[in-house]
Amino acid sequence: MLVSVEDGVAVRVQGDPDHPPTHGALCTKVARYTERTYHPDRLLHPLRRVGPKGSGQFAKIGWNEALAQITARLRDIAARDPQAILPYSYAGTMGRVQGDSMSARFFHRLGASLLDRTICASAGGAALNATYGSRVGMHVEHYRDSKLILIWGSNSIASNLHFWSFAQAAKRNGAKLVCIDPRRTETADKCHQHIALLPGTDGALALGLIHQLIEHDWLDLDYIERYTDDWPRLRERAGAWTAERTAAVCGIGADEVRGLARDYATIRPAAIRLNYGMQRVHGGGSAVRLIAALPCLIGAWRDPAGGLLLSSSGFAPIEHAALERPDLMPTPRPRVINMSTIGDDLLRPSSADFGPRIEALIVYNSNPVAVAPQSTKVAAGFAREDLFTVVLEQFQTDSADYADIVLPATTQLEHFDVHSSYGHTYVLVNEPAIAPLGETRPNTAVFRELAARMGFTEPCFRDDDVTIGAQAFGSHVEFPRLRREGWVRLALPQAPFAAGGFPTPNGRAPFAPAGLGVADFVAPYESRQSAPELAQRYPLAMISPPARHFLNSTFVNVRSLRSIEGEPLLEIHPQDAEARGLRDGVIVRTFNDRGEYRCRVSITDRARPGVVVGLGVWWRKFGVAGTNTNELTSQRLTDIGRAPTFYDCLVEVAAL
Ligand SMILES: Nc1nc2c(c(=O)[nH]1)N[C@H]1C(S)=C(S)[C@@H](COP(=O)(O)OP(=O)(O)OC[C@H]3O[C@@H](n4cnc5c(=O)[nH]c(N)nc54)[C@H](O)[C@@H]3O)O[C@H]1N2
Ligand SMILES: Nc1nc2c(c(=O)[nH]1)N[C@H]1C(S)=C(S)[C@@H](COP(=O)(O)OP(=O)(O)OC[C@H]3O[C@@H](n4cnc5c(=O)[nH]c(N)nc54)[C@H](O)[C@@H]3O)O[C@H]1N2
Ligand SMILES: [Mo]
């Protein structure tokens, strides 16, 4: 990103046309980054709470007083048991410096509880690790040469724009694009075919495709023989998945299964762009494992423009130990808290199993009250009078409303960072373009200062941000060159798995790895087939994927973007609306045993029958009744990866 600065003020941001994978394009959100940075609501001073928790009443205090209060509370709690302190952070910035570097060192040295960072990608990540040995995949640039692209569980135009430009180029070159998504998204509109399966049934579809590949002798037996393990077991598993059975489970036509298999087997090069949307269900991990087998079965990996990409983050040579210093942790290691069950865990009393009750929560790079599942519980936890909460933020989010102390944070334009990516294979540097606004400070500065006040004397607590940036990739990337040129392409083969070479112990892709066995279709927790009694009361499946003009809950308060998104809506198919006597545009109640959420209804065939869609993630405080879709989502976890199941959620909708 190029930033134009006049008199110390950032006046414009643009994509850098020379950067190959993003080629000068910024998404609609980041194109508004100056509006966000200079937003009149930017938090510019430390604040302390003066009203009840959640009321959002705060008074200005100085940095010194804020840090002194935090140090005193943390010292007091740590003297009893530092595990009662929990850091909570995720994707606000995915920078290696402002993410988990100084913060991780601080919490490790303190002996605080460890956070299991599962809220986004860990089911799919675990599945890729199991099948390919790491989170690795195609180079995004090669999609321009693919002749068939399955866009599977991804609204690429909204959430993966840079990939989409390559898919467009492929389309102009005659490629066929197929979108596999319960919702008819703007991406589905632009594909040649849309397969609107039921949420959480992707594993069944993959098994159905494997069945067809076997039936029609469409397998690359040479690739299978040389570069994979356990094919006979997967073959046996797929035996039962006729097109008819698959179609019945997925809620699609048997011809759609057969046609998709034929295309996948006969059009070369064939590429899959999987995204994280399809793994937010009970069987999300198994589904990704089954889909990851597909390019091995037809030898799609032989071509640079064939294969699969869910994440390529495993290619990035990140020196986690140098950045995060896990060696500073006490032995035995502190307990681990899963960020996806923060609602339950904040409400849990001390026990032998759980350990101490959580007494302090330090939130940075995250807005858990809006984004974590089952927010009735999350908000109740944050509202605990005996919980000491510090939030490092750029804005007064739903989570900041519950803080005892709010610390104002810098943005990407104001601090130094280095980045790796999960959608392309470059590393990048982020040089500050302007001075920090007001009294804002980078996350690193806060944790550096807290470490000093806590008396942590290890030299790593004095590293400045550029020093940390240099540690991030160690000797793998020439740091002066990275700073000079802005980005460095990782040295990787064009077709990384053309001849096997998966980063597994034997270089082959196992279909039944030790401890997991061969993957099977795992039904959603909540569906007509798996929970008929529940489905009687709550017959509609709700999914809540990203809105195009927001980044999770970031940018929701940026006026120009919010005015495009309008207000929170629930999409429902005309048939389902009619059955409930709903008129377009009325406020409805969407509910299940976990809670109730109110918003305006939009009657549209973008939602398939039986599925409702609430694009998000809206700030709760912008909602009709101060809630968002996560009021309804559950804290149950995926089959592997301990991840949330946001899109495994039955509801009913009724007029008010
Ligand atoms: N504009 C925008 N871009 C973003 C984000 C954002 O919030 N806004 N978030 C960023 C982040 S953190 C992430 S993790 C990624 C998220 O990327 P994804 O989670 O992949 O998000 P989407 O691209 O919207 O893809 C989700 C699509 O999957 C569909 N879907 C839901 N359930 C299922 C299912 O069971 N099976 C299948 N096949 N499809 C299903 C949804 O209808 C939706 O269209 O995007 C990143 N990019
Ligand atoms: N229902 C539903 N829920 C979801 C999802 C969904 O699809 N549906 N998606 C899930 C996914 S994929 C993800 S990744 C999570 C994301 O959840 P989060 O990681 O919480 O991401 P955001 O909602 O973007 O909130 C990030 C916050 O960090 C702040 N921030 C940004 N940069 C900095 C910085 O440098 N310093 C500090 N201190 N703060 C900063 C921003 O202002 C913002 O408020 O949400 C999950 N929740
Ligand atoms: Mo995410």
Side-chain angles (χ1 to χ4, degrees), residues 27-29 36 43 88-95 98-99 103 117 119-121 124 151-161 179-188 195-202 205 274-281 283-284 287 310-311 339-340 363-373 375 391-395 397-400 407-412 414-415 417 422-423 440-443 446 524 541-557 606-607 611 613-617 619 628-630 632-633 644 646-649:
C27 68
T28 53
K29 310 169 295 298
R36 182 171 188 274
L43 293 169
Y88 197 99
S89 69
Y90 201 67
T93 172
M94 301 187 81
Q98 305 306 333
S103 54
R117 289 188 169 75
I119 203 158
C120 168
I151 300 179
W152 199 324
S154 171
N155 182 4
S156 310
I157 296 177
S159 72
N160 194 195
L161 185 72
C179 180
I180 305 173
D181 193 311
R183 176 171 185 257
R184 185 167 61 75
T185 59
E186 52 268 58
T187 306
I195 298 180
L197 80 183
L198 287 166
T201 62
D202 302 86
L205 181 57
L274 205 57
N275 212 339
Y276 285 113
M278 48 72 59
Q279 45 105 66
R280 308 195 197 292
V281 292
L310 168 58
S311 169
M339 70 188 302
S340 302
V363 179
Y364 56 102
N365 296 342
S366 187
N367 183 11
V369 174
V371 305
S375 24
V391 176
L392 286 67
E393 251 302 347
Q394 297 157 345
F395 291 101
T397 58
D398 290 330
S399 304
L407 301 175
T410 46
T411 68
Q412 244 10 57
E414 298 149 75
H415 57 227
D417 218 325
Y422 57 90
T440 61
R441 291 188 186 174
N443 296 337
V446 173
M542 185 189 79
I543 55 174
S544 48
R548 182 171 180 182
H549 301 93
F550 303 150
L551 176 62
N552 299 309
S553 76
T554 303
F555 294 97
V556 175
N557 62 331
R606 290 205 175 276
V611 177
V613 186
L615 298 183
V617 181
W619 287 15
N628 69 15
T629 51
N630 279 326
L632 305 173
T633 54
F646 290 114
Y647 306 164
D648 191 332
C649 177

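In each ligand, atom 1 is the first atom listed, and ligand 1 is the first ligand listed. Computed from a prediction, not measured in an experiment: that's the story for all the values here.
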Positive for side chain to side chain contact (heavy atoms under 4.5 Å, CB included) with P368, one of S375, S399, S340: S399
4.0 Å heavy-atom contact, Q412 with ligand 2: no
Atoms of ligand 2 close to H415 [distance to a heavy atom under 4.0 angstrom, numbered from 1]: 35 (O)
Distance-only N or O hit between ligand 2 and T633, under 3.5 Å: no
N160, any N or O under 3.5 Å of ligand 1 N or O: no
Polar contact flag for Y364 and ligand 2 (N/O pairs, less than 3.5 Å): no
Criterion side chain to side chain contact (heavy atoms under 4.5 Å, CB included) on Y88 and M339, from CA distance to verdict: CA-CA 7 Å; Y88 197 99; M339 70 188 302; 3.5 Å; yes
Heavy-atom nearest neighbour in the protein, as seen from atom 24 (O) of ligand 1, with distance rounded to 0.1 Å: P546 CD, 3.2 Å
N160 and S154: CA distance, side-chain angles, deciding distance, side chain to side chain donor-acceptor pair (under 3.5 Å) verdict: CA-CA 8 Å; N160 194 195; S154 171; 4.7 Å; no
For ligand 1, the portion of I543 having any non-hydrogen atom under 4.0 Å away: side chain
Under 4.0 Å to a heavy atom of D202 - the qualifying atoms of ligand 1, by number: 34 (C), 35 (O), 36 (N), 37 (C), 38 (N)
Proximity to ligand 1 by part of R280, non-hydrogen separation under 4.0 Å: side chain
Which of the ligand 2 atoms, numbered from 1, are nearer than 4.0 Å to a heavy atom of T629: 1 (N)
I543 and V611: CA distance, side-chain angles, deciding distance, side chain to side chain contact (heavy atoms under 4.5 Å, CB included) verdict: CA-CA 7 Å; I543 55 174; V611 177; 4.2 Å; yes
Min heavy-atom dist L407 to ligand 2 below 4.0 Å: no
Closest protein heavy atom (residue, atom, distance) for atom 29 (C) of ligand 2: E393 OE2, 3.3 Å
Under 3.5 Å: N/O of P368 near N/O of ligand 2: no
Numbered atoms and elements of ligand 2 in range of N367, under 4.0 angstrom, heavy atoms: 20 (O), 25 (O)
Residue and atom name of the nearest protein heavy atom (relative to atom 39 (N) of ligand 1), distance in Å to one decimal: P182 CD, 3.2 Å
Polar side chain donor-acceptor pair, N443 to S103, under 3.5 angstrom: no
Atom indices of ligand 2, in the order listed, that fall short of 4.0 Å to a heavy atom of T397: 44 (O)
Per-atom contacts of ligand 2 with C120, taking only distances under 4.0 Å to non-hydrogen atoms: 12 (S), 14 (S)
Where ligand 1 meets L551 - atom numbers and elements under 4.0 angstrom, heavy-atom basis: 4 (C), 5 (C), 6 (C), 7 (O), 8 (N), 9 (N), 10 (C)
Mode of V613 contact toward ligand 1 - side chain, backbone, both, neither (heavy atoms, under 4.0 Å): neither
For atom 32 (N) of ligand 1, closest protein heavy-atom neighbour: Y647 CD1, 3.4 Å
Atoms in ligand 1 flagged as close to R548, the criterion being non-hydrogen separation under 4.0 Å: 1 (N)
Atoms in ligand 1 with a heavy atom of F550 nearer than 4.0 Å: 1 (N), 2 (C), 6 (C), 7 (O), 8 (N)
Atom indices of ligand 2 within 4.0 angstrom of T554 heavy atoms, with elements: 22 (P), 23 (O), 24 (O), 25 (O), 26 (C), 41 (C), 43 (C)
Heavy atom of the protein closest to atom 4 (C) of ligand 1 (residue, atom name, distance): S159 CB, 3.4 Å
Polar proximity ligand 2 side, L392 side, N/O cut 3.5 Å exclusive: yes
Identity and separation of the nearest protein heavy atom to atom 17 (O) of ligand 2: V371 CG2, 3.3 Å
Which segment of T93 sits under 4.0 Å of ligand 2 when only heavy atoms are counted: both
Result of checking L615, T629, N275 against P545 for side chain to side chain contact (heavy atoms under 4.5 Å, CB included): L615
Side chain to side chain contact (heavy atoms under 4.5 Å, CB included) between Q412 and T93, intermediate numbers included: CA-CA 8 Å; Q412 244 10 57; T93 172; 3.3 Å; yes
Close approach of R36 to ligand 2, heavy atoms, under 4.0 angstrom: yes
Over-ring placement of R117 relative to Y90, 6.0 Å and 45° cut-offs: no
Atoms of ligand 1, numbered as shown, that sit under 4.0 Å from any heavy atom of T185: 44 (O)
Distance-only N or O hit between ligand 1 and G153, under 3.5 Å: yes
Nitrogen or oxygen of N155 less than 3.5 angstrom from that of ligand 1: yes
Atom indices of ligand 1 within 4.0 angstrom of G200 heavy atoms, with elements: 34 (C), 35 (O)
Y276 heavy atom under 4.0 Å from ligand 2: no
Ligand 2 versus T410: contacting region, heavy-atom distance under 4.0 Å: backbone
Atoms in ligand 2 flagged as close to Y90, the criterion being non-hydrogen separation under 4.0 Å: 14 (S), 19 (O)
Residue portion contacting ligand 1 (non-hydrogen atoms closer than 4.0 Å) for Y422: side chain
Distance-only N or O hit between ligand 2 and A91, under 3.5 Å: yes
Region of A547 that comes within reach of ligand 1 [heavy atoms, distance under 4.0 Å]: backbone
N552-ligand 1 polar pair, N/O distance under 3.5 Å: yes
Ligand 1 contacted by L197 (non-hydrogen, < 4.0 Å): yes
Taking atom 27 (C) of ligand 1 as the reference point, the nearest protein heavy atom with its distance: D181 OD2, 3.4 Å
Top protein contact for atom 1 (N) of ligand 1, by heavy-atom distance: A158 O, 2.8 Å
Of the listed options Q394, Q98, R117, closest to atom 33 (C) of ligand 2 (non-hydrogen atoms): Q394
Which of the ligand 1 atoms, numbered from 1, are nearer than 4.0 Å to a heavy atom of R183: 42 (O)
Closest approach of any protein heavy atom to atom 18 (P) of ligand 1, naming residue and atom: G277 N, 3.5 Å
Geometric N/O contact I180 with ligand 1, under 3.5 angstrom: yes
4.5 Å side-chain heavy-atom contact, R606 and V613: no
Geometric N/O contact V617 with ligand 2, under 3.5 angstrom: no
Residue N630 vicinity, atoms of ligand 2 by number, heavy atom under 4.0 Å: 1 (N), 2 (C), 3 (N)
Numbered atoms and elements of ligand 1 in range of M278, under 4.0 angstrom, heavy atoms: 34 (C), 36 (N), 37 (C), 38 (N)
